[in-house]
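Below, read A as the first sequence line, B as the second, and so on, with proteins coming before strands; counting in each chain starts at 1.
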2 protein chains.
Amino acid sequence: MPSNAALPPDKVPDNLDSPDSLARKPPGKRTPDKIQITQTLADSAFERLRNAIIKGELPPGSKVNEPLLSKQYGISRGPLREAIRRLAGSKLVEIKPNSGAKVISLNKSQAIEIYQIRESLEGLACRLAAAHANAEHCHGLRELLANHEAQIQAENWAQYYQEAGDWDFHYQIVELSGNARLFSLLCDDLYDLLRLYRVQTSGQPQRPERAFKEHHQIVDAIEANDGELAELLMRRHISNARQTLVRQLES
Amino acid sequence: MPSNAALPPDKVPDNLDSPDSLARKPPGKRTPDKIQITQTLADSAFERLRNAIIKGELPPGSKVNEPLLSKQYGISRGPLREAIRRLAGSKLVEIKPNSGAKVISLNKSQAIEIYQIRESLEGLACRLAAAHANAEHCHGLRELLANHEAQIQAENWAQYYQEAGDWDFHYQIVELSGNARLFSLLCDDLYDLLRLYRVQTSGQPQRPERAFKEHHQIVDAIEANDGELAELLMRRHISNARQTLVRQLES
DNA sequence: AACTTAATTTGTGTCGACAATATGCCAAGC
DNA sequence: GCTTGGCATATTGTCGACACAAATTAAGTT
């Protein structure tokens with residue numbers, strides 16, 4: 001329950017999960033509903049597709065079949081195609097002319113590229129966060145870490161939640177940076193790609209206790225408004241994960 | 001003529017500039033052309049729209065009128081809409097449901113956000129470039145700078161070319177980093193946004209001689225394979241530009 | 001039996017038409 | 001004079017149909 005505290009609205013798991021149709025009007029009929037969320041079918045399809053990809057329901061490399069999905073979602077191909085193009089714009093699918101869209105598939109070296117970028121960008125986020133953070137913010141971070149720790153102690157929590165806790169921490173830091181573009185870039189684009197890669201490789205071994213300690217050090221630096229140190233620690237923190245990947249690559 | 005040396009293929013100004021229609025087949029007729037570039041109408045429209053936006057033909061904040069553009073481009077609204085969604089995915093336009101797409105408009109603080117990101121990312125690019133660069137690469141960079149300098153000396157060159165030289169330099173550095181994702185992120189996404197901002201503010205005063213000296217220092221560091229220094233210099237280089245912006249913001 | 005070629009099927013690209021919503025304009029009322 | 005309401009228009013959202021390309025299956029020849 002504490003897990004999606006820092007998640008942006010469109011990231012919270014859709015519990016309502018309407019069985020299938022997200023159409024607001026059956027093709028020919030009128031729409032008697034007065035209350036209706038003013039959202040395009042293409043928008044809904046976009047989010048839905050995105051979730052499907054991130055959760056691995058549409059595995060990396062698989063083709064995105066328009067007629068099939070349009071039937072599944074209960075909409076026509078038009079809005080669906082628009083959703084797919086938007087996904088292409090954020091690099092989650094690749095479109096080959098006359099042959100359709102495939103879900104992007106990352107190899108290790110591509111994942112490493114992303115980690116390099118993430119290292120640089122989250123370092124920046126940390127530096128900015130240290131400049132902006134007040135006592136209240138730091139308290140929030142501590143609380144998050146405490147929850148996270150409790151979950152790890154309980155041990156029987158699914159790995160999913162443990163991982164979610166990790167994401168929460170990074171989300172919150174980036175949000176604290178105050179740089180909206182940076183938030184969008186990391187949280188809306190890059191994190192998705194990494195999640196996708198983890199799904200693909202069914203998760204590399206976690207190292208919770210070590211990561212946990214590093215998180216605490218980072219908050220310490222932010223609390224002390226030491227931007228330089230915070231940046232350094234975060235970069236090192238992510239660099240560790242990256243080097244784990246590199247080692248896997250070499251072996 | 002040396003100016004688009006480092007530009008990726010889709011950045012080179014479309015000189016052919018086919019008068020208007022990019023349709024490959026008049027709606028009902030056959031297509032007698034055997035030789036035809038296998039590219040979707042939506043793809044062409046995407047590039048064309050993107051260029052129009054970057055060049056300022058579609059000024060920031062202006063509405064993207066579907067019927068008008070579809071007539072201008074000689075295609076139907078379907079492919080055009082797909083192109084617009086793709087632009088939305090890379091954040092060049094904003095779509096408001098039931099109200100259409102507007103070209104994105106950056107204010108100064110948003111531009112500063114982007115500069116912060118760019119600073120971090122190009123610093124990374126420089127560090128990586130220093131690790132990869134060999135003598136040949138460095139020679140290429142020197143040559144680029146020499147051309148650039150010659151243009152500045154000539155003085156009567158349009159500012160356009162002078163600016164292009166600056167972009168070329170940064171393109172080449174990022175390319176040298178060897179990180180394809182980083183290249184795409186900077187050159188395909190962020191640079192466009194900054195170009196757009198410059199169009200919007202009709203270009204802040206240039207400082208060619210200073211920037212030029214800094215470029216040389218950066219190449220020196222890369223040549224010496226001193227990644228740390230190269231990163232530092234590039235970050236400072238971009239930070240200078242950013243702080244110019246900040247000063248403008250305060251005044 | 002294997003290979004090439006023809007036919008069928010599946011899927012993508014494009015269009016035009018219609019419904020739903022927003023936008024602009026004009027008149028009526030305070 | 002200004003605001004408010006309602007009408008006409010323009011624009012967006014969605015759909016179904018069709019043309020073309022790719023993939024798959026079937027057929028025919030050596």
Side-chain angles (χ1 to χ4, degrees), chain A residues 20-49 58 61-88 93-103, chain B residues 20-49 58 61-88 93-103:
Chain A
D20 241 330
S21 106
L22 25 73
R24 47 181 178 184
K25 73 163 197 305
K29 254 187 291 178
R30 273 301 167 90
T31 86
D33 312 37
K34 292 299 180 192
I35 332 107
Q36 77 181 13
I37 305 167
T38 174
Q39 198 186 24
T40 304
L41 290 189
D43 288 334
S44 316
F46 173 77
E47 289 176 22
R48 199 161 165 185
L49 266 177
L58 288 178
S62 67
K63 267 186 40 56
V64 180
N65 189 316
E66 293 179 8
L68 177 65
L69 285 172
S70 90
K71 230 170 279 175
Q72 268 187 300
Y73 290 2
I75 63 180
S76 95
R77 280 179 51 221
L80 183 66
R81 280 172 68 88
E82 294 178 7
I84 294 174
R85 306 303 142 153
R86 210 142 109 231
L87 287 174
V93 303
E94 279 173 343
I95 297 180
K96 203 168 62 175
N98 288 320
S99 161
K102 297 197 327 283
V103 178
Chain B
D20 240 2
S21 105
L22 26 73
R24 48 180 177 184
K25 72 162 198 303
K29 253 186 291 178
R30 274 301 167 88
T31 86
D33 312 40
K34 291 298 178 191
I35 333 106
Q36 78 180 12
I37 306 167
T38 175
Q39 197 187 22
T40 306
L41 290 189
D43 288 334
S44 315
F46 174 76
E47 289 175 22
R48 198 160 166 185
L49 266 177
L58 288 178
S62 66
K63 264 185 43 53
V64 179
N65 189 315
E66 293 179 8
L68 178 64
L69 285 172
S70 90
K71 230 169 279 176
Q72 268 187 298
Y73 290 2
I75 63 179
S76 97
R77 279 178 53 223
L80 184 65
R81 280 172 69 88
E82 293 179 7
I84 293 174
R85 306 303 142 151
R86 211 143 108 231
L87 287 174
V93 302
E94 279 174 342
I95 297 180
K96 203 169 61 178
N98 289 321
S99 163
K102 297 196 328 284
V103 177

Once you round it to whole Å, what is the distance between P of D/dG13 and CD1 of B/Ile95? 7 Å
Separation of A/Ser44 OG from A/Leu80 CG (nearest 0.5 Å): 11.5 Å
Contact class for A/Gly78 vs. all strands (heavy atom < 4.0 Å): base, sugar-phosphate, or nothing? nothing
To the nearest angstrom, how far is A/Lys96 atom NZ from C/dT12 atom P? 12 Å
Does B/Lys63 make a side-chain N or O approach to OP1 or OP2 of D/dT12 shorter than 4.0 Å? yes
For the pair made of CG in B/Asn65 and P in D/dG13, what is the distance, rounded to whole Å? 12 Å
Distance, rounded to the nearest Å, where B/Glu82 contributes CD and C/dT12 contributes C1': 10 Å
Between atom CD1 in B/Ile84 and atom P in D/dT11, what is the gap in whole Å? 13 Å
By nearest atom, which of the nucleotides D/dG13, D/dT14, D/dT12 is closest to the A/Leu41 side chain? D/dT14
Nearest-Å distance for atom pair NZ/C1', residues B/Lys71 and C/dG16: 14 Å
Atom pair CD (A/Glu82) and CZ (B/Arg81), whose distance is rounded to the nearest 0.5 Å: 4.0 Å
Any B/Arg81 side-chain N or O less than 4.0 Å from OP1/OP2 of D/dG13: yes
Nearest-0.5 Å distance that lies between atom CG in A/Leu69 and atom CG in A/Leu58: 6.0 Å
Any B/Asn98 side-chain N or O less than 4.0 Å from OP1/OP2 of C/dA20: no
Would you compute the distance between atom CG of A/Leu68 and atom OH of A/Tyr73 and round it to the nearest 0.5 angstrom? 9.5 Å
Looking only at C/dC15, C/dG13, D/dT14, the nucleotide nearest the B/Arg77 side chain is D/dT14
Upstream residue (5' side of DNA chain D) when A/Pro97 and A/Ala42 are each assigned their closest nucleotide: A/Ala42
Using 0.5 Å steps for rounding, measure from the CG atom of B/Leu87 to the CZ atom of A/Arg86. 12.0 Å
Proximity to the side chain of A/Ser76 - top-ranked nucleotide from D/dC15, C/dG13, C/dG16: D/dC15
Starting at CD of A/Glu66 and ending at P of C/dT9, how long is that distance when rounded to a whole Å? 21 Å
Tell me: CG of B/Leu80 to P of D/dT11, nearest whole Å? 13 Å
